[in-house]
S.K.: 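Attaching a single structure in structure tokens format; questions to follow.
Note on naming: letters A, B, ... go to the chains in the order of the sequence lines (proteins, then strands), and numbering restarts at 1 for each one. Predicted model, so just to flag it, every value in this text is computed and none were measured.
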Number of protein chains: 2
Amino acid sequence: MKVLVVDDDATLRRTLAIGLHAEDHEVLIVADGRSALQALREDRPDIVVLDLGLPDLTGVEVLRQLRTWSTIPVVVLSARAESAEKVQALDLGADDYVTKPFGMEELLARIRAAARRAGSDIPLLEAGDLVIDLPARRVTKAGAVVRLTPTEWGLLEMLVRTPGRLVGQQDLLHEVWGPAYGRETNYLRVYVGGLRKKLEDDPSRPRHLITEPGMGYRFEI
Amino acid sequence: MKVLVVDDDATLRRTLAIGLHAEDHEVLIVADGRSALQALREDRPDIVVLDLGLPDLTGVEVLRQLRTWSTIPVVVLSARAESAEKVQALDLGADDYVTKPFGMEELLARIRAAARRAGSDIPLLEAGDLVIDLPARRVTKAGAVVRLTPTEWGLLEMLVRTPGRLVGQQDLLHEVWGPAYGRETNYLRVYVGGLRKKLEDDPSRPRHLITEPGMGYRFEI
DNA sequence: ACGGGTCTTGACGAGTTCCTGACGCCCCTG
DNA sequence: CAGGGGCGTCAGGAACTCGTCAAGACCCGT
């Protein structure tokens, strides 16, 4: 099992690495938020131990971004015991929250618990001849890589995150264009049209990117 | 969502019950281990909050027995902060371990987190050959997807949210068409008619979308 | 400054959905 | 038995939504 440790405290990193190694885990270590996100995309760890106090991005921001494309277990470490921060992290999708100082035995047990629960993660979504890899931000159609613009990707990601489920037009606009948007449904029409042209066999008769008139769109497997 | 609280401290029970109720959970409360196991088998809660300090069985024993036949999320409460006990509980299958004293906000967040991880089971409503998936906004009849217009969906959602219960005509108009509406019962006749045509085997003799003359409509499973 | 790609914006036809009134039916009541 | 209220059905036109296109604005790296 591959564990990614994100922490800027060298001592703690070493201790953790030793403890995790003793349990036969492969350990990856990074010290800042950007490297963490990169390692998450590229190395596909099975579980993450994430310190909230990072030099560049906050741990919370890392968590938020991670949760847009992955559901892997995250155990948060923090020096702060404040309730508000715990609540925030947990509601953002953290699986556990451990306050420093902590016993190594306990942390390892919590990691075991989080890993045990780890449901079958679905990193790849296959729909016909489409393969969508959220972490890698990569779409292939019949084996060929499809180039998407950032906006197109944001839209597709939002739809693919909940396959089969209807996503409201306002939800899409809020998420992809920002909270200030909500009435610009013409944007959606344009970009869904673009995605269909790139992804559907017959863009005029879409099988995956389905319109629900008056409500929103859905990605059908 | 049904929450079982197992604790022998009356004050804590009350606080928890209030907090959980505020989040729209149904709360079951028992004070000892035997009642806990019985409630787990009979009432099938969706999540358990389990205090380790119980008068008869130890909480650990309850957990051990529970895990022989169920994987529902368990959040353990304990007055002891000793690492060994945490490790034991977590390795026995507890999903989280909270040490007293704790903030109610934090506990509720941890309960939400535990429930979220487990609660990927979708609340589907099945009525004959109809399957209604509220979150996904999807209705299938005998496996085939049924397309609904926004108004039809609004109406159906309103009725399905309380299966078997009568919903008044004014309630429906207020909710689906807006607060300004209330006397336009002809709208209801038209759209219920449309829904019956799409959903009922014999629209002229509806089995699910039932009219209660003079009062409103009811969705019968 | 230039050029390629990306994003915004408006406009149009085609298709769908919504509203509305009219009609006939049933049941209940006087 | 007649009257009335509530219900289901139908169909037309108004209003809306969608897909598409194209022009212009914007943002890069060269």
Side-chain angles (χ1 to χ4, degrees), chain A residues 137 139 145-159 166-178 180-220, chain B residues 137 139 145-159 166-178 180-218:
Chain A
R137 291 187 190 250
V139 183
V145 174
V146 180
R147 267 184 48 86
L148 298 182
T149 72
T151 310
E152 286 171 348
W153 178 260
L155 201 53
L156 183 63
E157 180 178 299
M158 186 76 181
L159 291 169
L166 173 70
V167 186
Q169 337 192 45
Q170 298 198 355
D171 299 337
L172 289 167
L173 287 164
H174 282 139
E175 192 72 22
V176 179
W177 276 268
Y181 294 77
R183 264 163 286 272
E184 296 77 353
T185 59
N186 46 333
Y187 295 9
L188 295 176
R189 296 205 291 276
V190 172
Y191 279 92
V192 170
L195 281 173
R196 287 194 178 124
K197 213 172 289 177
K198 294 183 179 181
L199 301 179
E200 297 279 4
D201 288 327
D202 179 0
S204 65
R205 267 195 279 153
R207 294 173 36 78
H208 302 300
L209 292 161
I210 309 297
T211 303
E212 296 285 358
M215 301 194 281
Y217 294 85
R218 101 169 69 230
F219 187 89
E220 198 71 73
Chain B
R137 289 207 168 192
V139 182
V145 175
V146 180
R147 273 182 41 90
L148 298 182
T149 72
T151 311
E152 286 171 349
W153 177 261
L155 203 52
L156 182 64
E157 184 179 13
M158 187 76 184
L159 291 169
L166 171 70
V167 186
Q169 310 184 339
Q170 298 197 357
D171 298 338
L172 288 168
L173 286 164
H174 281 138
E175 192 71 22
V176 179
W177 275 267
Y181 295 76
R183 262 164 287 274
E184 296 78 351
T185 58
N186 46 331
Y187 295 9
L188 296 177
R189 295 205 292 276
V190 172
Y191 280 93
V192 170
L195 280 174
R196 287 194 179 125
K197 211 173 292 179
K198 293 184 180 182
L199 301 179
E200 296 279 5
D201 287 328
D202 180 0
S204 65
R205 266 195 276 158
R207 295 171 37 80
H208 303 299
L209 292 160
I210 310 297
T211 303
E212 297 286 357
M215 301 196 282
Y217 293 86
R218 189 154 50 84

S.K.: Expressed in angstrom and rounded to an integer, what is the separation of A:Lys197 atom NZ from D:dT20 atom P?
M.R.: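 It is 7 Å, rounded to the nearest whole Å.
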S.K.: Establish, yes or no, whether a centroid distance under 6.0 Å links the rings of A:Tyr191 and A:Trp177.
M.R.: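 Under 6.0 Å, so yes.
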S.K.: If I take atom CG in residue B:Asn186 and atom P in nucleotide D:dA11, what distance separates them, rounded to the nearest angstrom?
M.R.: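 Whole-Å distance recorded here is 18 Å.
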S.K.: Find the distance A:Arg205:CZ to C:dG15:P and express it as a whole number of Å.
M.R.: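 After rounding, the gap between these two atoms is 14 Å.
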S.K.: Does a side-chain N or O of A:Thr149 approach OP1 or OP2 of C:dT6 to a distance below 4.0 Å, or not?
M.R.: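 No, outside the criterion.
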S.K.: Expressed in angstrom and rounded to an integer, what is the separation of B:Leu155 atom CG from C:dT17 atom P?
M.R.: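 Rounded to whole Å, this separation is 16 Å.
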S.K.: Does a donor on one side chain and an acceptor on the other come within less than 3.5 Å for A:Arg189 and A:Thr211?
M.R.: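 No, A:Thr211 and A:Arg189 have no side-chain donor paired with an acceptor closer than 3.5 Å.
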S.K.: Nucleotides 5-8 of chain D: which of its N/O atoms have a protein N/O under 3.5 Å away?
M.R.:
| unit_1 | atom_1 | unit_2 | atom_2 | d |
| --- | --- | --- | --- | --- |
| D:dC7 | OP1 | B:Gln169 | NE2 | 3.2 |
| D:dC7 | OP1 | B:Gly214 | N | 2.7 |
| D:dG8 | OP1 | B:Arg196 | NH1 | 2.8 |
| D:dG8 | OP1 | B:Arg196 | NH2 | 3.4 |
| D:dG8 | OP1 | B:Thr211 | OG1 | 2.6 |
| D:dG8 | OP2 | B:Tyr217 | OH | 3.0 |
| D:dG8 | N7 | B:Arg189 | NE | 3.0 |

S.K.: Would one find a side-chain N or O of A:Arg147 under 4.0 angstrom from OP1 or OP2 of C:dG4?
M.R.: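 For C:dG4, neither OP1 nor OP2 has a side-chain N or O of A:Arg147 closer than 4.0 Å.
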S.K.: Can you tell me the distance, in whole Å, between the CH2 atom of A:Trp153 and the P atom of C:dT6?
M.R.: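 Between P of C:dT6 and CH2 of A:Trp153: 15 Å.
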S.K.: Rounded to whole Å, please give me the gap between CD in A:Glu200 and P in D:dT20.
M.R.: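 A:Glu200 atom CD is separated from D:dT20 atom P by 11 Å.
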S.K.: How long is the line joining CD of A:Glu184 and C1' of C:dG10, in whole Å?
M.R.: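 Taking CD of A:Glu184 and C1' of C:dG10, I get 14 Å after rounding.
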S.K.: Given B:Glu152 and B:Lys198, is the salt bridge (charged side-chain N to carboxylate O under 4.0 Å, His left out) satisfied, shown in steps?
M.R.: CA-CA 10 Å; B:Glu152 286 171 349; B:Lys198 293 184 180 182; 2.8 Å; yes
S.K.: Atom CD of B:Gln170 and atom OG1 of B:Thr185: how far apart are they, to the nearest 0.5 Å?
M.R.: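 So the CD of B:Gln170 and the OG1 of B:Thr185 are separated by 10.0 Å.
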S.K.: So, is A:Trp177 near the phosphate of C:dT8, with a side-chain N or O under 4.0 Å from OP1 or OP2?
M.R.: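 Affirmative; the distance criterion is met.
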S.K.: Any Lys/Arg nitrogen of A:Glu200 or A:Arg205 sitting under 4.0 Å from an Asp/Glu carboxylate oxygen of the other?
M.R.: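 Judged by the 4.0 Å cut-off on N to carboxylate O distance, A:Glu200 and A:Arg205 do not form a salt bridge.
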S.K.: Write down the distance between OH (A:Tyr191) and C1' (D:dC21), rounded to a whole number of angstrom.
M.R.: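 Distance check: A:Tyr191 OH to D:dC21 C1' gives 14 Å.
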S.K.: Please determine whether a side-chain nitrogen of the Lys or Arg among B:Arg137 and A:Glu212 lies less than 4.0 Å from a carboxylate oxygen of the Asp or Glu.
M.R.: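 Salt bridge: no.
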S.K.: Which class fits the ring pair A:Phe219 and A:His208: parallel under 30°, tilted 30 to 60°, perpendicular over 60°?
M.R.: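 The arrangement is parallel - the two ring planes meet at less than 30°.
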